[in-house]
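Everything numeric in this text was worked out from a predicted model, so none of it was measured.
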Amino acid sequence: MAEDLLVIIPTRGRPQAVPALVQAWGDTGATADLLFAVDNDDPELDAYKREAAKFMKGGQVRFVFGKRLRLCGTLNQQAVKAAKKYRFLAFLGDDHRPRPAAMPWDARIRECLSGGPGIVYGNDLLQGEKMATAVAMTSDIVSNLGYMAPDVLTHLCLDLVWVDWGKGMGRITYLDDMVIEHLHPANGKAVLDAGYEEVNSDAMVSADTAAYYDYRDNGGLDTDLAKLRKLVEEAS
């Protein structure tokens with residue numbers, strides 16, 4: 001069961017998030033595999049490597065180190081590789097924390113996605129149903145599209161696309177009681193560090209917002225939805 005779901009966490013500049021996330025992970029009773037994707041040029045690289053050394057190679061918690069591709073690029077690189085092995089793939093930011101519930105959150109994901117191609121997301125206590133800030137999907141979506149999020153994006157608006165995909169293919173589930181808390185400066189749960197400043201700069205917001213609208217309105221989304229609807233049809 002453990003090798004059917006992989007949760008990918010691109011992370012940069014926050015090695016302290018690793019033990020906090022792993023602790024939250026353990027508190028939920030999750031059995032899914034967890035992959036931290038770290039940049040080779042991260043200023044905190046040595047600290048990340050010290051964290052990685054605490055875990056058995058090939059165990060439930062793993063690390064991969066590679067060229068900086070930004071959040072979307074790193075997520076896509078790891079997701080495309082993992083789609084060959086795992087039935088389900090999920091994304092968490094390094095500032096997300098799954099919280100305990102009556103049923104382990106990863107068990108809820110498996111349950112919701114067991115019926116075929118689809119997307120599921122929980123309550124981040126910030127955006128709620130509006131945005132899939134932490135998401136899981138069947139790996140056939142990634143294999144079919146060639147990415148887990150449009151590669152025209154850098155960091156922002158992925159959560160909007162995932163909702164677009166799910167609604168467009170008619171296979172999306174929002175679980176209000178599945179809390180994956182987003183610790184973000186916007187809700188006063190995190191300090192505004194260099195990472196937040198970079199990805200929420202005017203330049204980044206403008207670039208990713210423009211890329212999202214272009215993808216949504218000028219054919220990119222329609223092309224992907226045609227593939228996803230065919231995937232659902234073939235699985236029925």
With clusters defined by side-chain heavy atoms of hydrophobic residues (ILVMFWY) lying less than 4.5 Å apart, directly or transitively, does [Y] cluster with [X]?
| X | Y | value |
| --- | --- | --- |
| Leu69 | Val161 | no |
| Val80 | Leu6 | yes |
| Leu145 | Ile8 | yes |

Mind checking the [atom1]-[atom2] spacing from [X] to [Y]? Nearest 0.5 Å is all I need.
| X | Y | atom1 | atom2 | value |
| --- | --- | --- | --- | --- |
| Glu181 | Leu125 | CD | CG | 5.0 Å |
| Gln16 | Asp94 | CD | CG | 8.0 Å |
| Thr11 | Leu21 | OG1 | CG | 8.5 Å |
| Leu113 | Thr173 | CG | OG1 | 7.5 Å |
| Leu71 | Leu153 | CG | CG | 10.0 Å |
| Met169 | Ile141 | CE | CD1 | 4.0 Å |

If you compare all heavy atoms of [X] against all heavy atoms of [Y], which two are closest, and at what distance to 0.1 Å?
| X | Y | value |
| --- | --- | --- |
| Pro10 | Leu92 | CD-O, 3.9 Å |
| Asp208 | Thr154 | OD1-N, 2.9 Å |
| Met137 | Val142 | SD-CG2, 4.0 Å |
| Ala82 | Leu89 | CB-CD2, 3.7 Å |
| Ser114 | Arg87 | O-NH2, 3.2 Å |
| Pro150 | Trp165 | CD-CZ2, 4.0 Å |

Any side-chain heavy atom of [X] sitting closer than 4.5 Å to one from [Y]?
| X | Y | result |
| --- | --- | --- |
| Leu126 | Thr133 | no |
| Lys54 | Val18 | no |
| Val179 | Trp105 | no |
| Arg12 | Pro43 | yes |
| Asp224 | Tyr147 | yes |
| Cys157 | Tyr213 | no |
| Val22 | Phe36 | yes |
| Leu228 | Arg171 | no |

Evaluate the salt bridge (Lys or Arg N to Asp or Glu O under 4.0 Å) criterion for residues Arg50 and Asp46: first the C-alpha distance (whole Å), next the side-chain angles of each, then the deciding distance (0.1 Å), finally the verdict.
CA-CA 6 Å; Arg50 286 194 295 271; Asp46 288 344; 5.4 Å; no

Do [X] side-chain atoms and [Y] backbone N/O form a donor-acceptor pair below 3.5 Å?
| X | Y | result |
| --- | --- | --- |
| Ser206 | Ala203 | no |
| Tyr121 | Glu129 | yes |
| Gln60 | Ala30 | yes |
| Arg216 | Leu221 | no |
| Asp106 | Thr31 | yes |
| Asp151 | Gly73 | no |

Give the intermediate values and the outcome of side-chain contact (heavy atoms from CB on, under 4.5 Å) for residues Met204 and Arg70.
CA-CA 12 Å; Met204 178 67 72; Arg70 307 303 292 266; 3.0 Å; yes

As a test of understanding, state which of Asp4, Asp33, Thr138 forms a side chain to side chain donor-acceptor pair (under 3.5 Å) with Tyr86.
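For Tyr86, the side chain to side chain donor-acceptor pair (under 3.5 Å) check succeeds only for Asp33.
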
Go through the structure and list residues passing side-chain hydrogen bond (donor to acceptor under 3.5 Å, both in side chains) with Arg68, not counting sequence neighbours.
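Glu198.
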
With Asp177 via side-chain hydrogen bond (donor to acceptor under 3.5 Å, both in side chains) - residues at least two apart
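By the side-chain hydrogen bond (donor to acceptor under 3.5 Å, both in side chains) rule, Asp177 matches Arg108.
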
Given side-chain contact (heavy atoms from CB on, under 4.5 Å), test Asp159 with Val135 step by step and report yes or no.
CA-CA 8 Å; Asp159 40 24; Val135 71; over 6 Å; no

Lys167 atom NZ: more than 12 heavy-atom contacts under 6.0 Å
no

Could you verify whether a donor N or O on one side chain and an acceptor N or O on the other, from Asn218 and Asp214, lie under 3.5 Å apart?
yes

Within the 3.5 Å criterion, strictly below it, is a donor on Tyr215 or Asp164 matched to an acceptor on the partner's side chain?
no

Could you walk me through whether Asp124 and Ile180 satisfy the side-chain contact (heavy atoms from CB on, under 4.5 Å) test, starting with their C-alpha distance in whole Å, then the side-chain angles of each, then the deciding distance to 0.1 Å, before giving a yes or no?
CA-CA 5 Å; Asp124 70 349; Ile180 302 177; 5.6 Å; no

May I ask you to decide if the ring planes of His182 and His96 are parallel, tilted or perpendicular, using 30° and 60° as cut-offs?
parallel

Lys/Arg N to Asp/Glu carboxylate O, Lys230 vs Glu233, below 4.0 Å
no

So, using side-chain contact (heavy atoms from CB on, under 4.5 Å) as the criterion, who are the partners of Phe65 when residues are at least two apart?
Val38, Asn40, Leu45, Tyr48, Lys49, Ala52, Phe63

Test side chain to side chain contact (heavy atoms under 4.5 Å, CB included) applied to Pro98 and Thr28, Val7, Asp27, the passing residue
Thr28

Starting from the C-alpha separation in whole Å, work towards a yes-or-no answer on side-chain contact (heavy atoms from CB on, under 4.5 Å) for Asp39 and Thr74.
CA-CA 9 Å; Asp39 299 332; Thr74 297; 4.2 Å; yes

